[in-house]
Structure formats: structure tokens, C-alpha cells
**Q** 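Dumping the structure here so I can ask a few things about it.
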Amino acid sequence: MAGTDMDVDKVAAQAMHRLTWRLRLTRAALIIERAAGAFWPMTALTLVGLAALRIGPLTGLPQAWVLGIFGVFGLVWIALVVLGFRRFEWPSALNARDRMDRSLPGRPLETLNDTQAIGTGDLGARSLWARHLARMADAADRSRAARPLVRLSGRDRWALRLVALLLFTGAMIFGRSDPVQSLVQSLQPPAPVLATGPSWEGWAEPPAYTGRPSVYLNEVVGQTLDLPQGTTVTLRVYGATDAAKLTETVSGADTAITPDESGLAQIDFVVTRSGDVTLNPPTGEAAGFTVAMIPDQIPEVEISGEITRTVQGQFQMPFAASDDYGVTGGEVSITLDLDAVDRRHGLVLDPEPRQGLTLDLPLPFTRDLASFEETVVEDLAEHPWAGLPVTITLTVTDDLTQEGTFTVDATPLPGKRFFDTTAGAIAEMRRDLLWNRENADRVEMILKAITWELEANWDDKP
């Protein structure tokens, strides 16, 4: 009997030993849950404070205001920390065991720590108890450590923690200030403004589509700058601007220094040619630089192969386009070349007015737009000009709205190919009727002629 009791105790002890790490992880999950519930107000306030330092709203405020704001913030933060420690309850090993036991059917952990209440003198009862413990041990072995369930919606009904997280995330992505540096600058007294006289600053901002960086002009005084066409030059003159003078030959416009009410003068002009820029401040030496303008090339386009038709009769035209910074768009214009039309039969009459065709040029989505080849594919088989000579003009544009063109004169507009003579004749009559409605009588007569005893007079072969 004593041996049986020792086996029962050994089974329970071994089962609980195997659960040691799972119980420890469950206890850690309980610590996370209770810490989140107790300290979430302090965490949210900390995130808001870091976001404010990242954005830097306190920079420039009076030092007394900054100290007052930091004092109030610090007192509230300390109060929330104290409140968090008062709410926090350290979970015990018994709490961890109960948490994991409640997730299992039959509460096997509680059974493994229990003892036989009745029938201890009966060998059969003790054997039954030993089997029950063995089944509970197997059930406990299949258990898993509990995961932390952080549910704060009941404690934070206004979702303030989410607002704080949103502010913190936005500040980390879009903010420009270093939090530590912003804190130090906010607490420092404002530096005295020294009377250093007038000063100036300048920037050259190339068009965004060029991909070139901005140039800080104060660092390139006396140098030659290679700037793309369309670059915007901005000059700012501070202090006594009445005596300042600007001379530039790069924009072709009249530029003058006109200060505003605060005394700040800003001049903007666009580079349209090569030339010089010279700024004479009220005091000090003149500052200037030479601009060598990089012209924006006109985009180019051409047909790179033969104009054909597909099996279904679709218009197919390969082309190649290029530009120094990339093509932004293009189109194909198709007009009837009336002088090249064979004016016989149904085309003797003058055609009724009809607008030309305009198709968009396809642009690649995944390749460089500076140089590419594509193919225009369009179903024009039912157009009245199908099979007639047309003029095709390709036009491409760039970011500077410059246009490059390529023209093909007197080329047949591809259409469907008919192997059945009757179908081909009907298509031709349709073309004649769309050419001019006065062809209606002629079309009617020809249709009657070709459909008279159709099976006897026409062969199915082309």
C-alpha cells in the first residue's frame, strides 16, 4: 500500500515539474496584464510628452511658460506612477496555476495537487485514484502557457491610449526635432539678438521631375552652377534692404528687391537662360555666381516598325519615345489624307465632315520613361476610314509641356481582311454610305445586284 501511495505522489510531482516553465510563462503573462491595466495612463502621458518634444511646440515660448508646463507635466506623471503602483498586484504562483488550470477541461492542475479524501484503506479505491491522476497528468501535459489578455477598453472608454499612440506615431514619422535636443533648447533662455547688420540667403530649387537636389547659394558664391531649365532661384535679404541691389540675366524678367512690412525682402525668379546673378547687400562685399543652364531637351518619338493589323483586324503600330527626364504623356492623331484617296466608285463624292481619331499612347508602368518602346493596339476595323490612306501623327510631351512629333503620310489604315467576297462587298457598301449619304441609291442598287440569286451566282471561295 505504501508503495502505491509513493507512486501516486511521484506521478503528481513529475507532472507538476514538467509544467514549471509553462507556469512561469503564464505568471509573466499575468504580470503584463496587470501592469498594462495599472500603468496605461502613465504610458499614454509619456507618449504624448515624447510626441510634443519631437514636434517641438515649446521652442520659442517664454522660459517661464516652458518651466510651468514641464512642472505640471512632471507632477501629473508622478501621480500616475504612484497610482499605477497602488493598483498593481503582483501575481503569485497560485494565480498562474489557477489561470492555466481554468483553460483546461476538468481542471487537471487542481486535481494533481489534491489528495484522496475517502477510501484510503481500499486498494481498489487507491488504484482508481492513481488512474485518475494519470489521466489528469496527460491532460496537463497537453496544456499551453496562457497568453496575456490586455483588455483596456473597459478602463479607457474614451480610447485615450489610442489617441496618444496615434500622436506618438505621427510625431516619429513627420516630426523633425530630436526629443532630447528639443528639451534642452526649450529650457535654455533665448539667446540675445546681436546686431550683425543685413544678411542674405539663397536657394536654387530645380524642378522636381529632374531629380536634382536643391543648392544653398551662400556656399557657392563665386562659382559656376549647372542648373536645369526651370530652376527656381529664391533670394532673401534681411535687415536694411533699401540699399540692396540685385542684378541677374538668367530669367529675362525685371527683378527688384521690395521689402515687406517686417523688412524682409524675398525675390523669386526662374532660370530660362545662362547668365550671371549678382547681389549687392547694403554692407559688405557683393555676392554672385554664374549659371550655366542645362536646357530641357524636346522629347522624341518615332515609329519603330511596320504598321500592321492583327488577325482580328486591329490596328497595330510599334513606336519608340525618349526624353532626357522622361515622357509624361502622348497621343496619336489620325486624319484622312484626302489627296491620296482613289476617288472612284463610291468615293467620287466629297466626304461628309468627320473628326479625326485621337488615341492615347501607352506608357510603361514599371520601366524608365526616359527611353522606351511600346505598341499601339486599337480596333479601328469598323471606322469609315479603314482601308483608306490616312495621316498618322504621334505626339509626346514632357514635364515642361514641350512636344515632340512624328508624322506618317498616306498610309492605309489597317482593317479587317475579308475572304468571303459577299462580306467584302457589303463592307465596302457600308464604307460608301458612311462616306456620303448621297451614295444611298447606289448602295441599294449594288446590294440588290450582289444578292440576286446569291447561291447560284456567287461561289463560297474567295
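It should be emphasised that the depicted structure is a prediction, and the values quoted were computed from it without experimental measurement. Every heavy atom of this structure was used, including side-chain atoms; hydrogens, water molecules and symmetry mates were not. Just so you know, residue 1 is the first one in the sequence shown, and it goes up from there.
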**Q** Rounded to the nearest 0.5 Å, what separates atom OG1 in T335 from atom CG in D409?
**A**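 Separation between the atoms: 8.5 Å.
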**Q** Side-chain atoms of residues 440-450: list all donor-acceptor pairs with protein atoms under 3.5 Å, sequence neighbours left out, distances to 0.1 Å.
**A**
from	atom 1	to	atom 2	distance (Å)
R442	NH1	D432	OD2	3.2
E444	OE2	K448	NZ	3.4

**Q** For residues 27-35, tabulate all N or O donor-acceptor pairs below 3.5 Å that involve a side-chain atom, not counting sequence neighbours.
**A**
from	atom 1	to	atom 2	distance (Å)
R27	NE	P91	O	2.9
R27	NH2	P91	O	3.1
E33	OE1	R99	NH1	3.1
E33	OE2	R99	NH1	3.1
E33	OE2	R99	NH2	2.8
E33	OE2	L149	N	2.7
R34	NH1	E89	O	3.0

**Q** Name every donor-acceptor pair, under 3.5 Å, that has one atom in a side chain of residues 41-49 and the other anywhere in the protein, sequence neighbours excluded.
**A**
from	atom 1	to	atom 2	distance (Å)
T43	OG1	F39	O	3.0
T46	OG1	M42	O	2.8
T46	OG1	W77	NE1	2.8

**Q** With sequence neighbours excluded, give me every salt bridge (charged side-chain N to carboxylate O under 4.0 Å, His left out) pair touching residues 217-229.
**A**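 Sorted pair list comes back empty.
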**Q** So, using side-chain contact (heavy atoms from CB on, under 4.5 Å) as the criterion, who are the partners of A381 when residues are at least two apart?
**A**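 Residues passing side-chain contact (heavy atoms from CB on, under 4.5 Å) with A381: D379, K416.
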**Q** Mind checking the CD-OG1 spacing from Q229 to T272? Nearest 0.5 Å is all I need.
**A**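 That separation rounds to 7.5 Å.
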**Q** Short question: side chain of R343, backbone of V348 - any donor-acceptor pair under 3.5 Å?
**A**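 Judged by distance alone, yes, a pair lies under 3.5 Å.
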**Q** Please verify the inter-ring angle class for F372 with F319; under 30° counts as parallel, over 60° as perpendicular, anything in between as tilted.
**A**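 F372 and F319: perpendicular rings.
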**Q** Can you name the side-chain contact (heavy atoms from CB on, under 4.5 Å) partners of R417, sequence neighbours left out?
**A**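 Testing R417 for side-chain contact (heavy atoms from CB on, under 4.5 Å), a comparison that skips the adjacent residues, returns R309, F419.
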**Q** Under the rule for salt bridge (charged side-chain N to carboxylate O under 4.0 Å, His left out), what residues qualify as partners of E201, not counting sequence neighbours?
**A**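 Per chain and number, E201 pairs via salt bridge (charged side-chain N to carboxylate O under 4.0 Å, His left out) with no residue.
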**Q** Please enumerate all residues that pass salt bridge (charged side-chain N to carboxylate O under 4.0 Å, His left out) together with R437, with sequence neighbours excluded.
**A**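 With neighbours one apart ignored, the set is E352.
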**Q** Show which side-chain atoms of residues 292-303 pair as donor or acceptor with protein atoms under 3.5 Å away, not counting sequence neighbours.
**A**
from	atom 1	to	atom 2	distance (Å)
D296	OD1	Q402	NE2	3.2
D296	OD2	Y209	OH	2.9

**Q** Got a donor-acceptor contact below 3.5 angstrom from the T249 side chain to the D276 backbone?
**A**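 Confirmed, T249 side chain pairs with D276 backbone.
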**Q** Once side-chain hydrogen bond (donor to acceptor under 3.5 Å, both in side chains) is applied, what residue pairs with a partner in residues 317-329 remain, sequence neighbours excluded?
**A**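 Output for this query lists T328-T397.
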**Q** Just jot down the side-chain contact (heavy atoms from CB on, under 4.5 Å) partners of Q316, sequence neighbours excluded, or say none.
**A**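 With neighbours one apart ignored, the set is T308, T310, T375, V377.
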**Q** Suppose we screen for side-chain contact (heavy atoms from CB on, under 4.5 Å). Which residues come up paired with L279, at least two apart in sequence or across chains?
**A**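 Expected list: W200, V237, L246, I257.
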